[in-house]
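Down below is the structure, laid out as structure tokens.
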Amino acid sequence: MVKVQLPDGTVVEHPDGVRVVDVLRALSPRLADQAVAAKVDGQVVELSTRLTDGQVKLTALKIDDPEGLHVARHSAAHVMAEAICQLWPNTKLVYGPPVDNGFYYDIDLDHSLTPEDFERIEARMAEIVKENRPFVRYEMPRDEAMRKLEAERNEYKIDNALRAEGDTLSFYSTGEPGKSFEDLCRGPHVPSTGRIGAFKVRQVAGAYHHGDATKQMLQRVYGTTWPNKKALQEYLHMMEEAKKRDHRKLGQELGLFTISPLVGTGLILWKPHGATIRHVLEEELRKELIARGYQLVYTPHIGRLDLYRTSGHFPYYRESQYPPLFESERARMLNRLWELAGEAGEQASPAEIELFSDVAAEHEDLRQAGYPKSAPREERQRRIRAWLAVEDGYLLKPMNCPHHIQIYTSEARSYRQLPVKLAEFGQVYRYEKSGEVNGMTRVRGFCQDDAHVFCTPQQLPDEIAECVDLSQFVLKMIGLTDYRVRIGLRDPDSKKYIGSDENWRMAQEALRRSVAAAALNSSEEVGEAAFYGPKIDFVVRDCIGREWQLGTVQVDYNLPERFGLTYIGEDNSEHRPVMVHRTLFGSMERFVGILIEHFAGKFPLWLAPVQVTVCSVSEKSAAYAAEVAAACRTAGLRTELDNSSERIGAKIRSATMMKVPYILVVGEQEMRNGAVNVRTREGQQYGSFRLSDFLAACATEIATHGEKTPAPGGQAPAVEGASVTHAGG
RNA sequence: GCUGCUGUAGCUCAGUGGUAGAGCGCCUCCUUGGUAAGGAGGAGGUCGUGGGUUCAAUCCCCACCAGCAGCUCCA
């Protein structure tokens, strides 16, 4: 006997071995028909699962339950795989899991699928759905299953099987086993192919097998499926809406920024309107930084290579840096010699030996030091370092910290001065790989709102807490209230970290305590620390549900060590300070890009590049409109004047499309009584106001950062992606 | 960096083996209009770059560059 406990608490009894679907049917035939899967004691299973003795808790899952939909998506992946295999019989299936908002299937196929193929695949899927064949699960002992897979000569499935756990492997056949399409798969699945919902094949893209860039590239076919046609349409519509707020599109339309291939990939040109937004953000932050005891500094965009050798950034991150600048061939040679001297066992290539032979005619000293490698390594390094002090290459700075450290070391520091908090909107350059560059969110040149706090170990907890508090200040300033904190901790088993256990323990504790004290929603992730210290990242959720990583706070015992930083303590002896690296916005480029999408281009008044557009109704009111515009500007509002010969409707339309918060319509009527007629970009007409009242209201709204932009309602899909949430295939 | 797709006017996009079009924008003129597009005329393109095939290439082929989607990566 099986005692089945239903969600409402009632218990029904069935004979041992009863199928889930039979239990449901006994309750309600309709429920049995609607269910796509079920949950037994918290585990999602399919309807054909047999229940054996004891007591279980059972919940039916319909396709509109999240977990039911998940199962349906997994099944849809199988149906799509079957369709593809029918259309292209030499397809090798690899892996096909459900993901957020849909599913995908990785395939190995010589034919490159195109969007035209999608329709054929969908048509074939529709037939399979119509046939409504059952998903039949059958199991085999592992060795028998392996023989079967060997016979099918699909190395990917064999690989999947080798990775699977357990003594038996399960297969799913859509229809009678042996006579129908089948696939190695853990399941569970919907009862039959007719139950996968309203689907669409959406796109195809490359994906590495097991996500390993050294492995072969497969085709990943993405599809989506929803409980019904309406939900599918809503989803597709939402994707369109998300596209509309794409910062690249809005940046173009609103004249915020541009990218010129002639300037370079991933290098942002801030147009006046975009620059205004950035300027406002920077000013707001500067004011706060000064209030909190930060000191603002400026440092150059480049620095000597030796600076970055000392910091460890060069050549360690060479792959993601622009190539070094060398003033002379000798400087280039010195750098190469330094690299060779530093890396035991590295051999110079014949071409290099030739280069050195050629140039060595003019630089006999280098030849002596570098080739042949007669001198001991330490000696060679010492001599090269001495030359480098005279002649060296330069690097576009990948980070600001080495420069800030030089400011720290430029004077003797007393414990009385600490903490020293140096802040800079510092431009840095990182050579992102070509495929990574994307709009403003992933660029090769960007401005960090960077700061470095140099403090005593005792001050560290307070300083971290201060950084956390400042981060919250910034997020609040923008109105990004939905965020969490990720604490990146050291993986005790990994060797990649430097520094003493005691330092790590202290730093991690300080981070934890600060986050806890601020009562932040946080998660800890082991192995996510920087190699020199633990960190916390602020992850915000924008108004359509996407997550973005913004600021970060990192504790660093490493650079103070490498640069030999000191301060004189109370005991009149030298001590080593601790550094905290932190950014709040992250990068100005990325942050503004995120804001564009978050606000869908409708910036709140205080941030809007153009706050007011004054539109004259006719030429008769043009002079008055100019007066109004001038008054607005005097009051500090970023104002545009439209005295063109267009009709008022066209002027309003054009300002509305530029998403200007307030449109002031002024005609003869307003002129007579010194008024302005206020209209918003949302189309609301506030009517006539005295100009002074309007200006006062704007001043208040700006000062309070009043949220004038209602977030669009409804929930949008998370970023299109492939977070695998269920094993399958 | 990898796989696939794309590259035509400032923007969004049609189009053809015989050197090109629309809408919006821009300029000029007319219009002086009261809350999301008034009318007319005009200017503007080496069809991403470089090779190749061809009598002839914007179109077909190759390479490169750039963009897009995804994968991988992000001190």
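Side chains included, hydrogens not; waters and symmetry mates left out as well; all remaining heavy atoms used. Order of the sequence lines fixes the chain letters, A, B, ..., with proteins taken first and strands second; residue numbering starts at 1 for each chain. All values derive from a computational prediction rather than experimental measurement.
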In whole Å, measure the gap between the C1' atoms of B:rU49 and B:rC65 for me. 7 Å

Please write out the pairs of protein N or O atoms and N or O atoms of nucleotides 38-46 of chain B separated by less than 3.5 Å, giving the distance to one decimal.
from	atom 1	to	atom 2	distance (Å)
B:rG38	OP1	A:E646	OE1	2.9
B:rG38	O4'	A:R647	NE	3.4

What do you reckon, are the aromatic ring centroids of A:F591 and A:F585 less than 6.0 Å apart? yes

For B:rA69, does either OP1 or OP2 sit under 4.0 Å from a side-chain N or O belonging to A:R248? yes

On RNA chain B, more 5' by nearest nucleotide between A:G264 and A:M657 is A:M657

Measure from the side-chain heavy atoms of A:I648 and tell me the nearest of B:rC71, B:rA36, B:rU35. B:rU35

Does A:K620 put a side-chain nitrogen or oxygen below 4.0 Å from OP1 or OP2 of B:rG34? no

Starting from C1' on B:rG67, measure out to CE on A:M440 and report it in whole angstrom. 17 Å

A:R486 and A:E528 ion-paired at < 4.0 Å: no

Rounded P spacing from B:rG7 to B:rA14 in Å: 8 Å

Mind checking if A:I652 touches a base, just sugar-phosphate, or nothing, with heavy atoms under 4.0 Å? base

Using Watson-Crick or G-U wobble geometry with both distances below 3.5 Å, tell me the partner of B:rC11, or none. B:rG23

Classify the side chain of A:Y208 versus the base of B:rG1 as yes if they form a donor-acceptor pair under 3.5 Å and no if they do not. yes

Separation of the C1' atoms in B:rC68 and B:rU35, to the nearest angstrom: 39 Å

Just to be sure I understand the rule, does A:E253 reach a base, reach only the sugar-phosphate, or reach nothing, if contact means heavy atoms closer than 4.0 Å? nothing

Quick one: A:D106 CG to B:rG4 C1', roughly how many Å, whole number? 14 Å

Counting the atoms with a prime plus P, OP1 and OP2 as sugar-phosphate, which does A:Q448 contact under 4.0 Å by heavy atoms, base, sugar-phosphate, or nothing? nothing

Phosphate OP1/OP2 of B:rA69: any A:N438 side-chain N/O under 4.0 Å: yes

Hey, does the side-chain of A:N677 have a donor or acceptor N/O within less than 3.5 Å of a partner on the base of B:rU35? yes

Do the side chains of A:E319 and A:K433 get close enough for a salt bridge, i.e. N-O under 4.0 angstrom? no

In whole angstrom, give me the gap between the P atoms of B:rU6 and B:rC61. 11 Å

Judged by each residue's nearest nucleotide on RNA chain B, which is more toward the 5′ side, A:S112 or A:G683? A:S112

Are A:S616 and A:N643 close enough that a side-chain donor and a side-chain acceptor fall under 3.5 Å? yes

A:L256 CG to B:rC11 C1', straight-line distance once rounded to whole Å: 15 Å

Collect all protein-nucleotide pairs involving nucleotides 73-75 of chain B in which both atoms are nitrogen or oxygen and the distance is under 3.5 Å.
from	atom 1	to	atom 2	distance (Å)
B:rC73	O2	A:R442	NH2	2.9
B:rC73	N3	A:E436	OE1	3.4
B:rC73	N3	A:R442	NH1	3.1
B:rC74	N1	A:R442	NH2	3.3
B:rC74	O2	A:R442	NE	3.0
B:rC74	O2	A:R442	NH1	3.4
B:rC74	O2	A:R442	NH2	3.0
B:rA75	O4'	A:Y317	OH	3.0
B:rA75	N6	A:S320	O	3.2
B:rA75	N6	A:S320	OG	3.3

For the residue pair A:I107 and A:K92, establish whether any side-chain heavy-atom pair is separated by less than 4.5 Å. no

The Watson-Crick or G-U wobble partner of B:rG34, with both key distances under 3.5 Å, is none

Who pairs with B:rG44 - Watson-Crick or G-U, where each distance is under 3.5 Å: none

By nearest atom, which of the nucleotides B:rG70, B:rA36, B:rG33 is closest to the A:T656 side chain? B:rA36

By the 4.0 Å heavy-atom rule, please label A:T265 as base, sugar-phosphate, or nothing. sugar-phosphate

Could you check how far CD of A:Q684 sits from C1' of B:rA36, rounded to whole Å? 15 Å

Positive for salt bridge (Lys or Arg N to Asp or Glu O under 4.0 Å) with A:E241, one of A:K244, A:K243, A:R245: A:K244

Please report the distance, rounded to the nearest Å, between CE in A:M658 and C1' in B:rG25. 12 Å

Determine, stepwise, if the pair A:H247 / A:E597 fulfils side chain to side chain donor-acceptor pair (under 3.5 Å). CA-CA 5 Å; A:H247 73 280; A:E597 306 211 356; 2.7 Å; yes

Under 4.0 angstrom, heavy atoms only, what part of the nucleic acid is A:V204 near: base, sugar-phosphate, or nothing? nothing

Before we go on, tell me: are the rings of A:Y662 and A:F694 under 6.0 Å apart, centre to centre? yes

Using atom C1' of each nucleotide, how far apart are B:rA66 and B:rC27 to the nearest Å? 31 Å

C1' atoms of B:rG21 and B:rU8, separation to the nearest Å: 10 Å

Expressed as a whole number of angstroms, how long is the span from A:Y222:OH to B:rU3:P? 17 Å

Any A:R679 side-chain nitrogen or oxygen under 4.0 Å from OP1 or OP2 of B:rA36: yes

Assess the pair A:F103 and A:H74: is the distance between their ring centroids shorter than 6.0 Å? no

Please determine, for B:rC2, whether a Watson-Crick or G-U wobble partner exists with both distances under 3.5 Å, and give it or none. B:rG70

Please give me the minimum heavy-atom distance between A:Y105 and A:A77, naming the atom from each residue. CD1-O, 3.3 Å

How long is the line joining CZ of A:R202 and P of B:rA69, in whole Å? 12 Å

If you measure from the Lys or Arg side-chain nitrogens to the Asp or Glu carboxylate oxygens, is any gap between A:D246 and A:R248 under 4.0 Å? yes

Under a 3.5 Å limit on both distances, the Watson-Crick or wobble mate of B:rA57 is none

Test ring pair (Phe, Tyr, Trp, His ring centres under 6.0 Å) applied to A:H581 and A:Y532, step by step: CA-CA 11 Å; A:H581 308 241; A:Y532 49 73; 5.4 Å; yes

Watson-Crick or G-U wobble partner of B:rC29, both distances under 3.5 Å: B:rG39

Please state the C1' separation for the pair B:rU16 and B:rG10 - nearest whole angstrom. 25 Å

Can you name the closest pair of heavy atoms from A:Y557 and A:A507 and give their distance? CE1-CB, 3.8 Å

Within this structure, what is the OH-to-P distance between A:Y624 and B:rU32, rounded to whole angstrom? 23 Å

Looking only at atom C1', what distance separates B:rU58 and B:rC74, rounded to whole Å? 39 Å

